[in-house]
Amino acid sequence: MKSPLLSQTGAVPAEGRDEGVAAHYGDLFREQRALADGKGLVDLSHRGVLTVTGDDRLSWLHLLLTQHVSDLPAGRATEALILSANGHIEHALYLVDDGTTVWAHVEPDTQEALIAYLESMKFFYRVEVADRTDDFAVVHLPAGSIATVPDGVVVRETAHGRDLFLPRADLEAYAAGHGPLAGILAYEALRIEGHRPRLGFETDHRTIPHELGWIGSAVHLQKGCYRGQETVARVHNLGKPPRRLVFLHLDGSEVHLPVPGTPVKLAADGDEGRQLGFITTSGRHHELGPIALALVKRNVPVDAPLLAGGTAAAQETVVEP
């Protein structure tokens with residue numbers, strides 16, 4: 001779904017999974033600084049939006065999600081995962097209940113598969129699931145923003161900012177009054193800085209929540225009765241995940257960023273060394289320079305200098321080995 005904000009002056013379209021919104025509006029670092037200062041907004045209108053209504057919505061979702069939501073208070077934001085039977089991450093949902101309806105936004109183009117799964121699990125529960133992507137656009141306001149929110153708009157507020165479920169027809173008018181606009185590259189650079197994983201970026205077909213630090217924020221350890229729960233409990237109680245997420249400071253003298261999938265090796269072993277992981281996301285930060293997230297084997301020493309492709313990288317621990 002192509003955003004109308006791509007017609008704004010300076011807008012450069014994003015590519016890949018974020019196609020449909022702007023990568024930037026002409027000045028990546030200015031846009032980042034504005035977000036860091038609590039100003040402006042990010043167009044996330046390419047993300048999927050779904051709702052769950054009905055008297056059983058919270059108790060039903062509680063059975064399916066990794067998060068404890070049976071008593072979720074109205075207005076409180078949370079996030080949750082749906083796992084495979086083997087505990088691998090399949091979906092990530094960013095939720096809020098407004099008192100009558102659960103609203104969630106998800107990764108672009110994942111809502112249809114997610115809704116199909118939810119529909120298959122309805123059974124006798126009094127719930128209705130709907131795809132609202134055509135009607136509502138997600139808009140992100142950074143932490144500290146004093147931008148007004150129109151009456152009736154559902155808001156998901158976290159420490160990182162507010163996500164608005166804005167009627168899609170109002171997107172252009174709202175953006176015109178609450179700029180400056182910041183592109184997805186600025187938003188992603190701050191996400192990398194905050195060590196926040198993203199489905200389809202930090203995950204592959206065998207990722208489990210422990211590897212990315214999603215235990216606690218998206219996975220509640222004091223509940224069961226959801227698909228994949230056995231793997232979550234076993235790894236938490238009896239072992240360690242095979243891989244761990246790390247944050248990388250990249251050599252700023254390199255012109256090009258390592259792309260996702262770039263092999264990560266020990267710097268001491270050089271380019272001919274054994275691959276120990278891979279880059280998941282990289283970006284350019286207005287203060288830190290080039291940065292990245294990577295998934296590496298658990299036994300990689302936490303203080304070991306690394307190579308991402310041919311680029312030197314110093315690591316910070318996100319998930320303890």
Side-chain angles (χ1 to χ4, degrees), residues 1-51 75 77 79 93-96 98 101 103-111 131-194 196 198 201 283-286:
M1 186 170 292
K2 185 177 180 180
S3 172
L5 300 186
L6 284 172
S7 64
Q8 296 291 314
T9 301
V12 175
E15 299 177 347
R17 293 186 179 94
D18 287 320
E19 183 179 3
V21 296
H24 60 84
Y25 295 90
D27 192 335
L28 171 62
F29 292 152
R30 178 189 58 79
E31 294 164 29
Q32 281 188 42
R33 286 191 290 269
L35 293 179
D37 290 340
K39 301 174 183 176
L41 63 83
V42 183
D43 175 13
L44 299 179
S45 62
H46 61 318
R47 293 183 64 81
V49 175
L50 61 99
T51 57
E79 56 188 83
L93 299 84
Y94 300 85
L95 307 161
V96 68
D98 68 2
T101 302
W103 292 77
H105 64 80
V106 298
E107 289 298 326
D109 300 322
T110 65
Q111 67 271 17
D131 185 348
R132 306 303 305 275
T133 309
D134 288 344
D135 303 318
F136 289 89
V138 179
V139 169
H140 176 77
L141 301 176
S145 171
I146 60 173
T148 57
V149 177
D151 291 341
V153 169
V154 176
V155 178
R156 181 180 175 275
E157 185 164 2
T158 72
H160 313 298
R162 290 176 287 168
D163 298 334
L164 278 55
F165 293 89
L166 191 72
R168 193 168 287 274
D170 298 341
L171 177 58
E172 284 188 276
Y174 187 80
H178 297 84
L181 293 172
I184 194 72
L185 291 182
Y187 179 84
E188 282 289 280
L190 298 182
R191 178 182 72 83
I192 297 169
E193 179 194 17
R196 300 194 301 276
R198 184 177 169 190
F201 288 69
R284 297 190 185 279
H285 191 274
H286 68 287

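Nothing fancy with the numbering, it's 1 onward along the sequence.
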Could you give me the CA-CA distance, side-chain angles and deciding distance for V49 and V106, then say whether side chain to side chain contact (heavy atoms under 4.5 Å, CB included) is met?
-> CA-CA 6 Å; V49 175; V106 298; over 6 Å; no

NZ or CZ of R191 within 45° of F201 ring axis and under 6.0 Å | yes

Residue pair A14 / I184: nearest heavy atoms and the distance that separates them | CB-CG2, 3.8 Å

Contact check, side chains of Q8 and L181, non-hydrogen atoms, under 4.5 Å | yes

Is any side-chain heavy atom of R47 closer than 4.5 Å to a side-chain heavy atom of Y94?
-> yes

Name all residues meeting the side-chain hydrogen bond (donor to acceptor under 3.5 Å, both in side chains) criterion together with R198; count only those two or more places apart in sequence or in a different chain, and write none if there are none.
-> D18, E107, E188

Using salt bridge (Lys or Arg N to Asp or Glu O under 4.0 Å) as the criterion, list what pairs up with D43, not counting sequence neighbours.
-> none

Does anything in residues 147-159 pair up under side chain to side chain donor-acceptor pair (under 3.5 Å), and if so which pairs, sequence neighbours excluded?
-> T148-H178, R156-D163

Decide side chain to side chain contact (heavy atoms under 4.5 Å, CB included) for E79 and L93; before the verdict, give the C-alpha distance in whole Å, the side-chain angles of both, and the deciding distance to 0.1 Å.
-> CA-CA 6 Å; E79 56 188 83; L93 299 84; over 6 Å; no

All side-chain hydrogen bond (donor to acceptor under 3.5 Å, both in side chains) counterparts of Q32, not counting sequence neighbours = H286

Could you tell me how the ring of H140 sits relative to the ring of Y187: parallel (under 30°), tilted (30 to 60°) or perpendicular (over 60°)?
-> perpendicular

Taking the side chain as every heavy atom from C-beta outward, state whether H285 and L190 have any pair of such atoms under 4.5 Å apart.
-> yes

Heavy-atom side-chain proximity of V138 to L164 below 4.5 angstrom = no

Above 12 or not: heavy atoms from other molecules or residues under 6.0 Å from CD of E19?
-> no

Report the distance from atom OG1 of T133 to atom NE2 of H105, rounding to the nearest 0.5 Å.
-> 12.0 Å

Could you tell me which non-hydrogen atom of Q111 sits nearest to which non-hydrogen atom of D109, and how far apart they are?
-> OE1-N, 3.3 Å

Side chain to side chain, D98 and V154, heavy atoms closer than 4.5 Å | yes

Is a donor on one side and an acceptor on the other found under 3.5 Å between the side chain of T51 and the backbone of W103?
-> no

Close side-chain approach of P108 and M1, heavy atoms under 4.5 Å = no

Sequence neighbours excluded, every pair satisfying salt bridge (Lys or Arg N to Asp or Glu O under 4.0 Å) that has a member inside residues 132-141 = R132-D135

What is the minimum heavy-atom distance between A147 and Y174, and which atoms define it?
-> CB-OH, 4.0 Å

Exercise: identify the closest heavy-atom pair between P142 and G38 = CG-C, 3.6 Å

Assess whether side chain to side chain contact (heavy atoms under 4.5 Å, CB included) is satisfied between V139 and L44, documenting all intermediate values.
-> CA-CA 5 Å; V139 169; L44 299 179; over 6 Å; no

Not counting sequence neighbours, which residues clear salt bridge (Lys or Arg N to Asp or Glu O under 4.0 Å) with D170? List them please.
-> none

Taking side chain as C-beta onward, heavy atoms only, is P180 less than 4.5 Å from L41?
-> no

Roughly how far, to the nearest 0.5 Å, is CZ of R284 from CG of L28?
-> 9.0 Å

Taking every non-hydrogen atom, the tightest pair across S45 and R168 = O-NH2, 3.0 Å

Looking at side-chain heavy atoms only, is the closest gap between P150 and L166 below 4.5 Å?
-> yes

Would you say the side-chain atoms of E31 pair up with the backbone N or O of Y25, donor to acceptor, closer than 3.5 Å?
-> yes

Can you see which heavy atom on V21 is nearest to which on S3, and at what distance?
-> CG1-CB, 4.2 Å

